[in-house]
Chemist: 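The structure follows.
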Amino acid sequence: MTEPTTPVLVAVDGPAGSGKSSVSKQVARRLGFGYLDTGAAYRALAWHVLAHDADTSDAASVLDVLGDFDFSISLDPDQYWVRVGDTDVTDAIREPRVTDAVSGVARVPAVRHAATTLFRSLVAAADRPGVVVEGRDITTVVAPDAPVRVLLTAAPDIRAARRSAELSGHDAGAVADALHRRDAADSSVVDFLTAAPGVQVVDSSDLDFTQTVDAVLDVIAAALPPQTGSHDGR
Ligand SMILES: Nc1ncnc2c1ncn2[C@@H]1O[C@H](COP(=O)(O)OP(=O)(O)OP(=O)(O)O)[C@@H](O)[C@H]1O
Ligand SMILES: Nc1ccn([C@@H]2O[C@H](COP(=O)(O)O)[C@@H](O)[C@H]2O)c(=O)n1
């Protein structure tokens, strides 16, 4: 009988719109790994605080509702969902009102501590050979000892243009302002704009989506033994 092994953790950080979610999800598919969207947990908590009509910028109000925050998330990159209690919030947590509020809840130290513990336990319980975990502090706080750590970047104007292309009907300038405002708020709490020692930078400014996925897979292939995962070679 073989002992169950701890899943390999691939840590991916980066600023808003750098491609963390889309690229990490595709990398996970290609390797047969799980995919953990840590931003979804902070977004779901912001949604939960708003559902209580509480103030997301007030730490005491956030902590008041943290006690009954019943969060669950799928690690299957092909069946992605996020729930709070019985409510599916997969789409709701992407609404601008949640995006605008999320940095407020993410700056509360007790929230970050609880989130870090949750992320580590989700990875440990995953039924896959590895998990691609993406966020802002994965390479530095959640999994500083991960065998693969990547900072995924792209020039600010390119990230804003990609986000704007997703949000048809929204003013491009306002979308860019919101994205840069969120980066400024978030980077005052954790540094995801510069690579920590040992973290590999993948700059996708001049890469298309497929090239970016391949660049991350190359970093993983260089760091992990070849039998890890089921890289389909596409
Ligand atoms: N290399 C690339 N070339 C072109 N478009 C890309 C590339 N990488 C990602 N994209 C697109 O950019 C957009 C933003 O990507 P994504 O949502 O994955 O970013 P993110 O870093 O997870 O953002 P956020 O932190 O705001 O959730 C998506 O439409 C995605 O398809
Ligand atoms: N490790 C993380 C991940 C996310 N955050 C906060 O959540 C927000 C939403 O993240 P997305 O990746 O879904 O855009 C983000 O703006 C941060 O406030 C975090 O603090 N740490």
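In what follows, residues are counted from 1 in the order of the sequence shown. Atoms within a ligand are numbered from 1 in the order they appear, just like the ligands themselves.
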Chemist: I need the Asp37 CG to Leu75 CG distance, nearest 0.5 Å.
Modeler: 10.0 Å
Chemist: Could you list which atoms of ligand 2 come closer than 4.0 Å to a heavy atom of Thr38?
Modeler: 1 (N), 2 (C), 3 (C)
Chemist: For ligand 2, is any non-hydrogen atom under 4.0 Å from Arg182's backbone (N, CA, C, O), its side chain (CB onward), both, or neither?
Modeler: side chain
Chemist: For atom 4 (C) of ligand 2, which of the options Gly14, Gly39, Ser18 provides the nearest non-hydrogen atom?
Modeler: Gly39
Chemist: So which heavy atom in the protein is nearest atom 28 (C) of ligand 1, and how far is it from that ligand atom?
Modeler: Glu166 OE2, 3.2 Å
Chemist: At the 4.0 Å heavy-atom cut-off, does Ser103 count as touching ligand 2?
Modeler: yes
Chemist: Among Gly19, Ser18, Ser204, Ser164, whose heavy atom sits nearest atom 16 (P) of ligand 1?
Modeler: Gly19
Chemist: Which ligand 2 atoms, with their elements, are less than 4.0 angstrom from a heavy-atom of Ala106?
Modeler: 6 (C), 18 (O), 20 (O)
Chemist: Just going by heavy-atom distances, which of Arg163, Gln26, Arg43 is nearest to atom 14 (C) of ligand 1?
Modeler: Arg163
Chemist: Please state which part of Asp186 comes within less than 4.0 Å of ligand 2, counting heavy atoms only: side chain, backbone, both or neither.
Modeler: side chain
Chemist: Could you check atom 18 (O) of ligand 1 against the protein and tell me its nearest heavy-atom contact, residue, atom and distance included?
Modeler: Ser22 OG, 2.6 Å
Chemist: Could you identify the single nearest non-hydrogen protein atom to atom 12 (O) of ligand 2 and state the distance to 0.1 Å?
Modeler: Arg136 NH1, 2.9 Å
Chemist: Pick whichever of Lys20, Arg112, Arg43, Arg107 has a heavy atom sitting closest to atom 11 (P) of ligand 2.
Modeler: Arg43
Chemist: How does Arg136 reach ligand 1, if at all, at less than 4.0 Å between non-hydrogen atoms: by side chain, backbone, both, or neither?
Modeler: side chain
Chemist: Answer yes or no for Arg182: is there a heavy-atom contact with ligand 1 below 4.0 Å?
Modeler: yes
Chemist: Which residue and non-hydrogen atom of the protein lie closest to atom 21 (O) of ligand 1, and at what distance in Å?
Modeler: Lys20 NZ, 2.8 Å
Chemist: What are the atoms of ligand 2, with element, lying closer than 4.0 Å to any heavy atom of Gly135?
Modeler: 1 (N), 3 (C)
Chemist: Using a 4.0 Å cutoff against the non-hydrogen atoms of Val102, which atoms of ligand 2 qualify?
Modeler: 7 (O), 8 (C), 16 (O)
Chemist: Considering heavy atoms of the protein only, find what lies nearest to atom 4 (C) of ligand 1 and give residue, atom and distance to 0.1 Å.
Modeler: Arg162 NE, 3.4 Å
Chemist: What protein heavy atom sits nearest atom 23 (O) of ligand 1, and how far off is it?
Modeler: Gly17 N, 2.9 Å
Chemist: For ligand 2, note which part of Arg94 has a heavy atom under 4.0 Å away: side chain, backbone, both or neither.
Modeler: side chain
Chemist: Starting from atom 27 (O) of ligand 1, what is the nearest protein heavy atom, named by residue and atom, and what distance separates them?
Modeler: Ser21 OG, 3.9 Å
Chemist: Between the candidates Val202, Val102, Thr212, Val213, which shows the shortest non-hydrogen contact distance to atom 1 (N) of ligand 1?
Modeler: Thr212
Chemist: Check if Pro15 has a non-hydrogen atom at a distance under 4.0 Å from any atom of ligand 1.
Modeler: yes
